[in-house]
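Notes follow once the structure below has been shown.
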Amino acid sequence: MNETKLHVTRDHLLQLLSAMIRIRRFEERCAELYQQEKIRGFLHLYCGEEAVAVGVMAALGPEDAVLSTYREHGHALARGVSMNAILSEMYGKQSGCSGGRGGSMHLFDITHRFYGGNAIVAGGLPLAVGLALADKMQGRTAITVCFFGDGATSEGEFAESLNLAKQWDLPLLFICENNLYAMGTALHYESGEPKLHLKAAAYGLTAQEVDGMNVVAVEAAATQACQAIKAGLGPQFIECLTYRFRGHSMFDAQLYRDNLEVEQWKARCPISQLSHWLQSYQLTQSDIAAIEHNVDEEIAAAEAQAEAAELEPIEQLLRHVYTEGAS
Amino acid sequence: MIELSYREAIREALREALLDDPRVLLMGEDVGHYGGCYAVSKGLLAEFGPERIRDTPLSESGFVGAGIGAALGGLRPIVEVMTVNFSLLALDQIVNNAATLRHMSGGQLSVPLVIRMAYGAGRQLAAQHSHSFEGWYAHIPGIKVLCPATVTDARFMLAQALADPDPVILFEHVMLYNRQEVVDAPTLTMEQAAVRRSGRDLTLITWGGNLPKSMEAAEQLAQEGIEVEVLDLRCLRPLDKPTLFTSLKKTHRALIVDESWRQGGMSAEIAATLTEEAFWLLDAPITRVCSAEVPIPYPAHLEQAALPSVEKIIAAARALQGLQPRGQP
């Protein structure tokens, strides 16, 4: 397989950096809003894993399909789902991307081919198989990308979906975000085979492992995988080694891991790494401050919108169970 | 006058669907090379090829979820789960995805999926192969549940299910596949119940595999002067309440025949609905004939003792007919 050469320009790297900063600031603000009880239910934050969503999305086109998990804000933002719509959704407002009906774990945006959002670990993998099958059978060249975590690789649906993808030769890219914990269960308690990409290789998929804290490496791997799919080389699997800096959800006391480990991974923060690297390309602190300022303005505007937006009238409770206006 | 077996009727329905719409495909275990576990899809692989008659690995959750995803992606899949017994492996996909994606997405996503499952007991297949869970599925908002009991319904309900933009599950009782009947022109909507036999004394409410037993019981009861109105629900979700109430206005007595277990079964839902909404039409408590509270046993005598039978239906109808409202002799 030829090495994929990425066109790594300063502008492109700045875009990647901005996208990661945007996710990080958004997630941190969500944590505050959750504590203020503006956001309710479960909140699963993506801080630390930004390079995976941003790097993979950079390899995709608008015709491609994306499925994610309950830890999906980063994927939705990186995919282009409007921040206003995402935050309004978490406020439960009617203008949310899911009409306010789904919340944090169920963000959907069909215009961006963003199919959620799934609260059942590994629940999205069979859906991804079907979306890829539909594209293939209808002669479309789109790729379906399915994100999931290390915990999902233990579920039966993981085995079933990878086997189906290979058996039917589907245009499907599996992205496993191995952040070393399935909720509070560390990898070595969870998986007899800790090299998760080997599990995929056992099902016949081309599988690789990549440094998930390096957005350039992630983008290169994803680009190569997409090219392989388009060249007819079958479904692909990338295990991204990453880490979440915060707990599983806002309820997590993190009793299962120690601070030293968290600090060690924070030292490898994808945003810090790329910022440092870009400083040799004349990226200054004020450049970064400008990015953060823009992001914070966008977040503030999204908050104002979400606050002002309407709740769905209770009289409409029974909507969206079946198709309206049918038979 | 065309006479077909129930099996042939479904096969014809599948052929028609595959010919009419290139988006339709049939996927499931052994639907292709084996010809279908119950021979329903025999010959279809040769006619339509392996892309559209798609044998799946043994992965119920995987291929039912794939059917959902394919429906999201613009196909019109018919997923065959060999029997309802194996569908438990796919419950998460059905309940947490198929039934909910429209709602969770605020109306953006549509899941025009049809799932077909064989169900029911009577062939001594023992506890794990004899379930009736159509009532469980009828509990879930977001899906529709059909039980074709006649060859005509087997022939025409599939097309209606495919035309429905929401997920529809079709339940085919295993004891019906060999039945031969004349195929009538379809006259009912997908969701309407059908009065299969008119009567003035009591309304027998049933569906699917229990229709033949109910009709036979009604014939015998007629000879003793008890006129049973046999109502075939056809659709369990949504329930055709107007047809139920119209019948009860005439008979004032309700007998439900349900092959699932009594506690928490579909019959309990119907009885609750009638009690809530038709109480003042009733002259007697609602009576149910259900399977005994035991996993279905293997030996014929015990299996038959566990399941609803013509004799049990007759006995229940006689008892119901004999009940008088208080204050009357």
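Here is how names work: the chains are called A, B, and so on, in the same order as the sequence lines, proteins then strands, and each is numbered from 1. Keep in mind that the numbers below use all heavy atoms, side chains included, and drop hydrogens, waters and symmetry copies.
Of the atoms belonging to Asn118(A), it is side-chain heavy atoms, and not backbone ones, that fall under 4.5 Å from chain B. Contact annotation for Ile120(A): only side-chain heavy atoms (C-beta onward) come within less than 4.5 Å of a heavy atom of chain B. Interface remark: Asn163(A) contributes side-chain atoms only to the contact with chain B (heavy atom separation under 4.5 Å). Contact annotation for Met27(B): only side-chain heavy atoms (C-beta onward) come within less than 4.5 Å of a heavy atom of chain A. Heavy atoms of Leu164(A) lying under 4.5 Å from chain B belong exclusively to its side chain. Looking at Gln160(B), neither its backbone nor its side chain comes within 4.5 Å of chain A, counting heavy atoms on both sides. For a residue to count as touching a neighbouring chain, one of its non-hydrogen atoms must lie under 4.5 Å from one of that chain's; by this rule Arg319(A) touches chain B with the backbone only. For chain A, no part of Leu113(B) is nearby; none of its heavy atoms comes within less than 4.5 Å.
For the set Pro22(B), Pro77(B), Ala66(B), Pro57(B), the entry with the most heavy-atom pairs within less than 4.5 Å of chain A is Ala66(B). Each of Ala99(B), Pro112(B), Gly74(B) has some count of heavy-atom pairs under 4.5 Å with chain A, and the biggest count is that of Gly74(B). The residue among Leu107(A), Ile110(A), Val129(A), Asp135(A) with the most heavy atom pairs within less than 4.5 Å of chain B is Ile110(A). Counting heavy-atom pairs closer than 4.5 Å to chain B, the top residue among Met137(A), Glu89(A), Arg113(A) is Met137(A). Between chain A and the options Leu25(B), Leu58(B), Asn97(B), Leu101(B), heavy-atom pairs under 4.5 Å are most frequent for Asn97(B). Among Ala142(A), Ser98(A), Cys97(A), Gly99(A), the residue making the largest number of heavy-atom pairs under 4.5 Å with chain B is Ser98(A). In terms of non-hydrogen atom pairs under 4.5 Å with chain A, the most contact-rich of Ile143(B), Thr189(B), Asn96(B) is Ile143(B).
Against chain A, no residue from residues 147-159 of chain B qualifies, as none has a non-hydrogen atom under 4.5 angstrom away.
In this pair, Tyr70(A) and His44(A) present their aromatic rings tilted. The plane angle is within the 30 to 60° band. Classification of the His73(A)-Phe26(A) ring pair by plane angle, with boundaries at 30° and 60°, yields perpendicular.
With sequence neighbours excluded, the residues satisfying side chain to side chain donor-acceptor pair (under 3.5 Å) with Glu312(A) are Arg101(A). Among residues two or more places apart in sequence or in another chain, the side chain to side chain donor-acceptor pair (under 3.5 Å) test is passed with Lys136(A) by none. Contacts of Asp184(B) classified as salt bridge (Lys or Arg N to Asp or Glu O under 4.0 Å), with partners at least two apart in sequence or in another chain: none.
Using a 4.0 Å cut-off between charged nitrogen and carboxylate oxygen, Glu193(A) and Lys199(A) do not count as a salt-bridge pair. A salt bridge is defined here as a Lys NZ or Arg NE, NH1 or NH2 lying under 4.0 Å from an Asp or Glu carboxylate O, and Glu307(A) with Lys93(A) fails to meet this definition. Using a cut-off of 4.0 Å between Lys/Arg side-chain N and Asp/Glu carboxylate O, Lys241(B) and Glu277(B) are scored as salt-bridged. Of the charged side-chain nitrogens involved, none lies within less than 4.0 Å of a carboxylate oxygen, so that Arg234(B) and Asp232(B) do not count as a salt-bridged pair.
Judged purely by atom type and a 3.5 angstrom limit, Thr56(B) has no side-chain atom pairing as donor or acceptor with the backbone of Phe63(B). Under the 3.5 Å distance criterion, the side-chain polar atoms of Asp240(B) are matched with a main-chain donor or acceptor of Ala193(B).
Within the 6.0 Å centre-distance limit, the rings of Tyr46(A) and His75(A) are counted as a close aromatic pair.
A cation-pi contact links Lys144(B) to Tyr322(A), judged by a cut-off of 6.0 Å to the six-membered ring centre and 45° from its axis.
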